[in-house]
Amino acid sequence: MIIYKNAIIKLGVFSWKASECNVMGDYGSGTAIFLSIIAGFVMLFFIDGLFVYTFTGFLATYLTRPDRRSAGEGGTASLILAVLSFASGMIFGPEMPGRIAGLVGPDVFSLSVGFLIVCAISLLLGSIGGYIAVKAFRNDVDRL
């Protein structure tokens with residue numbers, strides 16, 4: 001359904017202009033990133049992380065204003081979500097028997113390399129999701 005900019009819709013006593021009702025999100029980049037991170041946290045409880053990072057990047061880019069839309073918002077949102085998820089994984093660690101936990105010592109090198117790999121993968125997946133959103137909705141800027 002195409003909504004024209006100056007159309008007025010009347011339903012009983014209610015009426016509004018179609019220009020006031022946007023089909024897409026019209027948020028600033030900070031608000032769009034925040035909203036997509038919240039949606040990503042909710043999705044992490046139900047779906048695997050790789051898809052969630054891509055969807056978070058897509059959602060952040062989709063919610064951004066059409067004139068400021070780029071894949072960078074998606075990469076940023078996905079990166080922030082990955083860092084917060086990594087930090088919560090450090091606080092709420094896995095359940096291990098006492099014997100195994102005593103044998104495992106802290107390894108700073110593996111921790112830092114794992115952190116860098118998680119950041120790189122999430123940035124890449126979020127940017128891919130943002131790129132898909134930019135390419136999928138580029139005609140909406142011309143129509144408005």
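Values reported hereafter were calculated over all heavy atoms of this structure, with side chains retained and with hydrogens, waters and symmetry mates removed.
Under the 4.5 Å side-chain heavy-atom criterion for ILVMFWY residues, no single connected hydrophobic cluster contains both Val118 and Val52.
Panel note: side chain Arg68, backbone Gly28; no donor-acceptor pair is recorded below 3.5 Å.
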Side-chain donor-acceptor pairs under 3.5 Å in residues 29-43, sequence neighbours left out?
from, atom 1, to, atom 2, distance (Å)
Ser36, OG, Ala32, O, 3.2
Ser36, OG, Ile33, O, 2.9

Please set out all donor-acceptor pairs under 3.5 angstrom arising from side-chain atoms of residues 123-134, sequence neighbours excluded.
from, atom 1, to, atom 2, distance (Å)
Ser127, OG, Leu123, O, 2.9

With a cut-off of 3.5 Å and sequence neighbours excluded, list every side-chain donor-acceptor pair involving residues 105-117.
from, atom 1, to, atom 2, distance (Å)
Asp107, OD2, Ser110, OG, 2.5
Ser112, OG, Val108, O, 3.0
Ser112, OG, Phe109, O, 3.0

Which donor-acceptor pairs under 3.5 Å do the side chains of residues 76-94 make with protein atoms, sequence neighbours left out?
from, atom 1, to, atom 2, distance (Å)
Thr76, OG1, Gly72, O, 2.8
Ser78, OG, Ser122, O, 2.7
Ser88, OG, Leu84, O, 3.4
Ser88, OG, Ser85, O, 2.9

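To the nearest 0.5 Å, the span separating CG on Leu59 from CG on Leu63 amounts to 4.5 Å. Separating the CZ atom in Phe58 from the CZ atom in Phe51 is a distance of 9.5 Å, to the nearest 0.5 Å.
Looking at residues two or more places apart in sequence or on another chain, you find a side-chain hydrogen bond (donor to acceptor under 3.5 Å, both in side chains) between Ser70 and Glu73.
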